[in-house]
Protein chains: 2
Amino acid sequence: MSTISDVAKLSGLSKTTVSRVINNYPYVTKEKRELVKKAMEELSYTPSPTARRMRGQLTTSIGVIVTRIVNPFFSYLVNAIEQLAYKKGYQVLIFQSNGDPEKELSYLNLLKTKQVDGIIMTSVANDWETLKEYTNFGPMVFCNEYLSNSTLPIVRIDQINGVYNGIKHLIEKGHKKIGYCTGGSLFESDGKNNDRSIGFQKALKEAKIPVNPRWIFVNQLSINDGKNVAKEVISMADRPTAIFAGGDEVAAGILIETKDQGLRVPEDIAIIGFDDQPLAELLEPKLTTIRQPVNEMGEKALELIISILEGREPKEAYVELTAPFIQRGST
Amino acid sequence: MSTISDVAKLSGLSKTTVSRVINNYPYVTKEKRELVKKAMEELSYTPSPTARRMRGQLTTSIGVIVTRIVNPFFSYLVNAIEQLAYKKGYQVLIFQSNGDPEKELSYLNLLKTKQVDGIIMTSVANDWETLKEYTNFGPMVFCNEYLSNSTLPIVRIDQINGVYNGIKHLIEKGHKKIGYCTGGSLFESDGKNNDRSIGFQKALKEAKIPVNPRWIFVNQLSINDGKNVAKEVISMADRPTAIFAGGDEVAAGILIETKDQGLRVPEDIAIIGFDDQPLAELLEPKLTTIRQPVNEMGEKALELIISILEGREPKEAYVELTAPFIQRGST
DNA sequence: AATATTTATGAAATCGGTTTCAATAAAAAG
DNA sequence: CTTTTTATTGAAACCGATTTCATAAATATT
């Protein structure tokens, strides 16, 4: 590896001038600039990002924290971010927190130590009190998940109306007994109902349908979880005629198990998912779901953080995208 | 952020001594060691990885290059690597090459500039001539894909026998007209047949069945690709009675389209996939496939690269895992 | 008791860049 | 034709750690 000194020596100029050429400073004559460029070319020189970082320079690398990269929702989100970042000359570091607050903090520390210029948090495992500490060390933005009492820029999806539209659709189809599955719980860390459960309850309330707590399943994440939910539901004396699942995978599990047990979808049980993952179209019947515009969300978040990094104050510190309702065969 | 100088000042000792404590050097008295530790504690000091890198120190971060993170095969592979790495105190940086040789090189450059200590390549877009240059800058290992003329450690799956067993199974079921889909081509960059196509041809040859080039489809990657393959196959006057697809997604596409067109699986067309992704069990009928032991493969690759980094010569520079045949309903 | 070795410490150099500061040359203004 | 401003360059300091080298004290060896 050649260094800036090698380039300086070969071009017969000082390190300072070479540095000026690298960083596109004015006040370097065309001839010297060419001289430096030729020397850099000849030595196939690239400045060491490590050394640049030492002087507090930014290094065009952005971290993205996700819970689980195997979750297609996150892998598609990360993919969208990465594609655009590469175009813009930024490098993306993907971090998997597994929902572990400590692991999440270990990644946020990379901001402190200038390993990344900024961080996009697509999931959040710590509370705002803890996260706040890190905001001094570089820009952070929420994308997808967020903490409502934070001051960070947020790119999110209108989950309330997403779920609301889905449930309303079920009600319009005549359903009055509606089950509800969610990956987490119904509540934020502060005890308030989260957006999805607000959307759910709003739709029911408007139709004057009471919530039946026996039909609510929390912490349901995988296909297998969905199968278990279906088993439990089918064994109920008084069972729901429709189920909303907060993820297509869980919905897929419910659908498969339901069919395996000889029930018809949507006639005996209607199912509605969330995300619109590729598998939604693979199922038989195809899954009605609520699409999360992941690409758009990822791109917005990246644009936001870059505009902060480059000193352009972001136009909107709050971006809300709509989650369209996609009707297919399962409702 | 506090620096080593702050710690030195607070503890009343020199930077050198502080550095010695950080790096567990002998020749520091117990008392001073305690003094330094107390000062570090008090200032909640962590050494700057950037500064350490400047001095050529390793930084316990490992890069993993994949083609597409949204491909479940890769996301599960990366997941396995990440989980184990975190346990071992290493940090994983995931890089997406999209199969673009230039992008791949831009990531390999991080090795050159000490941004990562080593790189696990799960896919490869450049030839060995080009990659060789980078091997001087830090350890690289192949995991999954590899170049046969390279000198790098390899963790791989016995694809030859994986495919061979699958095709043999079809032949035993009485199939004589067997189609073949692959994500890439049939050949390595050096013109030789790749492992999978060797397995395919070996099985056919043993049964004295000639290869029909019209039933071979290259560059098939997605569910949609699979659907198109199915459409083409169905329209053939003389069509295969069984199809092997080099990925479960393509197999899924074939299966769905086949059924949509009113053919029965496996009676009219048998389908066999590759990978054993979660979606294989979602299909109706469930997909017969060849499992790639991704977790094991990822973990082995990580252990290998760490043992190289830590100076322990790796026991085996060549690890081969078997790809078990998983029979389900589609054959 | 004299000498050699081991233990313990810090000043200064170093890594590869950027930034500050001073100096000089050229152009513009008075 | 001076004075001021602007353009152009390089020496040296700096970022935060490690490493080299020198030195002193304690211990071991002869």
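In what follows, every heavy atom counts, from backbone to side chain, and hydrogens, waters and symmetry copies are set aside. By convention in this document, chain letters (A, B, ...) are assigned in the order of the sequence lines, proteins followed by strands, and residues within each chain are numbered from 1.
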B:Glu104/B:Asn98 under side-chain hydrogen bond (donor to acceptor under 3.5 Å, both in side chains): CA gap, chis, key distance, verdict = CA-CA 8 Å; B:Glu104 183 175 284; B:Asn98 277 104; over 6 Å; no
So does A:Lys15 reach the base of C:dG17 with its side chain, donor to acceptor, closer than 3.5 Å?
->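 Yes.
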Rounded to the nearest 0.5 Å, how far apart are OG1 of B:Thr3 and NZ of B:Lys9?
->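 NZ of B:Lys9 is found 7.5 Å from OG1 of B:Thr3.
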Atom CE of A:Met40 and atom NZ of A:Lys37: how far apart are they, to the nearest 0.5 Å?
-> 7.0 Å
Partners meeting side-chain hydrogen bond (donor to acceptor under 3.5 Å, both in side chains) with A:Asn144 (sequence neighbours left out) |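 Once residues adjacent in sequence are excluded, A:Asn144 has no partner under the side-chain hydrogen bond (donor to acceptor under 3.5 Å, both in side chains) criterion.
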Using only side-chain N and O atoms of [X], determine if any of them is under 4.0 Å from OP1 or OP2 of [N].
X: A:Ser48; N: C:dG17; answer: no
X: B:Thr17; N: C:dG10; answer: yes
X: A:Ser19; N: C:dT18; answer: yes
X: B:Thr16; N: C:dG10; answer: no
X: A:Arg52; N: C:dT18; answer: yes

Expressed in angstrom and rounded to an integer, what is the separation of [X] atom [atom1] from [N] atom [atom2]?
X: B:Met54; N: C:dC15; atom1: CE; atom2: C1'; answer: 4 Å
X: B:Ile4; N: D:dC14; atom1: CD1; atom2: P; answer: 18 Å
X: B:Lys9; N: C:dG10; atom1: NZ; atom2: P; answer: 15 Å
X: B:Arg53; N: C:dG17; atom1: CZ; atom2: P; answer: 15 Å
X: A:Arg33; N: D:dT9; atom1: CZ; atom2: C1'; answer: 13 Å
X: A:Arg55; N: D:dA17; atom1: CZ; atom2: P; answer: 14 Å

Just compare D:dG16, D:dG10, D:dA13 and give me whichever is closest to any side-chain atom of A:Leu13.
-> D:dG10
Proximal nucleotide (of D:dG16, D:dG10, D:dT18) relative to the B:Ile22 side chain |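 My answer, after comparing the listed nucleotides, is D:dT18.
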Would you check if [X] and [Y] make a side-chain contact, meaning some heavy-atom pair closer than 4.5 Å?
X: A:Ser150; Y: A:Phe142; value: yes
X: A:Leu10; Y: A:Leu43; value: yes
X: B:Ser11; Y: B:Lys38; value: no
X: A:Thr135; Y: A:Trp128; value: yes

Hey, which of these two, A:Pro47 or B:Ser14, hits DNA chain C nearer its 5' end, going by closest nucleotide?
->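 The residue mapped nearer the 5' terminus is B:Ser14.
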Numerically ordered, the residues 23-30 of chain A set in heavy-atom contact under 4.0 Å with DNA chain C is A:Asn23, A:Tyr25
Between the side chain of B:Gln159 and the main-chain N/O of B:Asp195, is any donor-acceptor distance below 3.5 Å?
->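 Judged by distance alone, no pair lies under 3.5 Å.
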Backbone N or O of A:Thr60 within a donor-acceptor pair of the A:Asp117 side chain at under 3.5 Å?
-> yes
Can you give one letter per nucleotide of nucleotides 22-29 of chain D, going 5' to 3': B for a protein heavy atom under 4.0 Å from the base, S for sugar-phosphate only, - for none?
-> --------
With a 4.0 Å cut-off on heavy atoms, is B:Lys32 in touch with a base, just the backbone sugar-phosphate, or nothing at all?
-> sugar-phosphate
